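Taking it in order: structure first as structure tokens, then the write-up.
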Amino acid sequence: GENVEQHPSTLSVQEGDSAVIKCTYSDSASNYFPWYKQELGKGPQLIIDIRSNVGEKKDQRIAVTLNKTAKHFSLHITETQPEDSAVYFCAATGGGGADGLTFGKGTHLIIQP
Amino acid sequence: SAVISQKPSRDICQRGTSLTIQCQVDSQVTMMFWYRQQPGQSLTLIATANQGSEATYESGFVIDKFPISRPNLTFSTLTVSNMSPEDSSIYLCSVVEGAREQYFGPGTRLTVT
């Protein structure tokens, strides 16, 4: 089955700086890669996703890149703000997203004022 | 995206008892899933809730322990049976809609004493 590795487990950045979280996956059949933000006491919130036919996707301050050859994908957050502090999870699945997700272990992002 | 609600939001139960968790969606969806998130950990897929047929369970999860019902396209239940302290977790339902994006409910926080 699929295995997703996520690094780092904790990331502390100064407000206004950029943050990068990296994930690798094992199953070359995986074709859908979402990212979730989870705040304390809440369910995961989908913030951006990318499919295997695309190399990069951007939504305002958030971007995701995918390297299918190396089987890794990354989340980039620019101009970080205090409200970006949360736990971020990457995930992967085949079936274009209609199958269950395999999650990374999560990254606790801390934005220092 | 669909509005997903779960009941109860949290509960404290005694070992050996069972708890049924409800997941309600405000629109009809084809795909629904149940996940477990152990304290401070990532999410693990329990099963796919299939409408009108038996759920499809992931390795390590069995129907006798986690029976699931899906009577229609807007509702599902997950029962945690014969609970032990190791079952203390957040249980989350998710739905797939749109271009295959997966959205999560707020979760049910279960503590077993």
Side-chain angles (χ1 to χ4, degrees), chain A residues 1-10 21 23-25 27 29-54 57 59 62 64 75 86-109, chain B residues 1-7 9-10 21 23-25 29-51 55-61 66 68 76 78 89-111:
Chain A
E2 176 65 277
N3 181 52
V4 177
E5 299 284 340
Q6 182 172 346
H7 299 281
S9 57
T10 303
I21 302 170
C23 289
T24 60
Y25 62 98
D27 189 350
S30 289
N31 55 18
Y32 177 65
F33 308 92
W35 286 88
Y36 290 86
K37 174 183 180 183
Q38 188 174 31
E39 297 174 311
L40 197 62
K42 297 184 178 181
Q45 175 194 0
L46 178 66
I47 57 172
I48 196 167
D49 57 11
I50 192 166
R51 300 178 190 276
S52 58
N53 59 347
V54 176
K57 184 177 178 180
D59 182 4
I62 295 174
V64 57
L75 177 71
V87 179
Y88 291 79
F89 291 98
C90 63
T93 186
D99 295 335
L101 298 169
T102 300
F103 282 83
K105 292 189 181 300
T107 296
H108 186 194
L109 177 61
Chain B
S1 62
V3 176
I4 306 167
S5 60
Q6 288 186 232
K7 289 182 180 180
S9 59
R10 61 179 64 243
I21 301 167
C23 178
Q24 179 75 54
V25 190
V29 294
T30 304
M31 305 295 294
M32 291 182 75
F33 302 95
W34 286 97
Y35 291 81
R36 180 175 73 182
Q37 186 174 25
Q38 294 177 303
Q41 303 297 315
S42 185
L43 288 82
T44 301
L45 178 65
I46 298 172
T48 303
N50 301 309
Q51 193 266 328
T56 304
Y57 290 85
E58 297 299 304
S59 176
F61 297 96
F66 298 101
I68 289 171
S76 178
L78 168 75
S89 295
I90 301 172
Y91 292 87
L92 299 128
C93 66
S94 72
V95 303
V96 175
E97 61 170 359
R100 304 294 195 181
E101 295 92 0
Q102 194 163 143
Y103 297 96
F104 284 83
T108 294
R109 284 147 186 81
L110 171 62
T111 301

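Per chain, numbering begins at 1; letters A, B, ... match sequence-line order. These numbers were taken from a predicted model, which means no experiment stands behind them.
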Segment of [X] engaging chain A (4.5 angstrom heavy-atom cut-off):
X        : answer
Arg10(B) : neither
Gln37(B) : side chain
Leu92(B) : side chain

### Query
Closest heavy-atom contact between Phe103(A) and Ser42(B)?
CB-OG, 3.2 Å
### Summary
Comparing Gly107(B), Ser59(B), Pro106(B) against chain A, the one with the most heavy-atom pairs below 4.5 Å turns out to be Pro106(B)
### Summary
Rounding to 0.5 Å, atoms CD1 (Ile90(B)) and CD (Gln38(A)) come to a distance of 6.0 Å
### Query
Any sub-3.5 Å donor-acceptor pair from Tyr35(B)'s side-chain atoms to Leu101(A)'s backbone N or O?
yes
I'd like a table of donor-acceptor pairs (distance under 3.5 Å, sequence neighbours excluded) in which one partner is a side-chain atom from residues 42-50 of chain A, with atom names and distances.
unit_1   : atom_1 : unit_2   : atom_2 : d
Asp49(A) : OD1    : Lys57(A) : NZ     : 2.7
Asp49(A) : OD2    : Tyr32(A) : OH     : 2.7

### Query
What residues form a side chain to side chain contact (heavy atoms under 4.5 Å, CB included) with Ser9(B), not counting sequence neighbours?
none
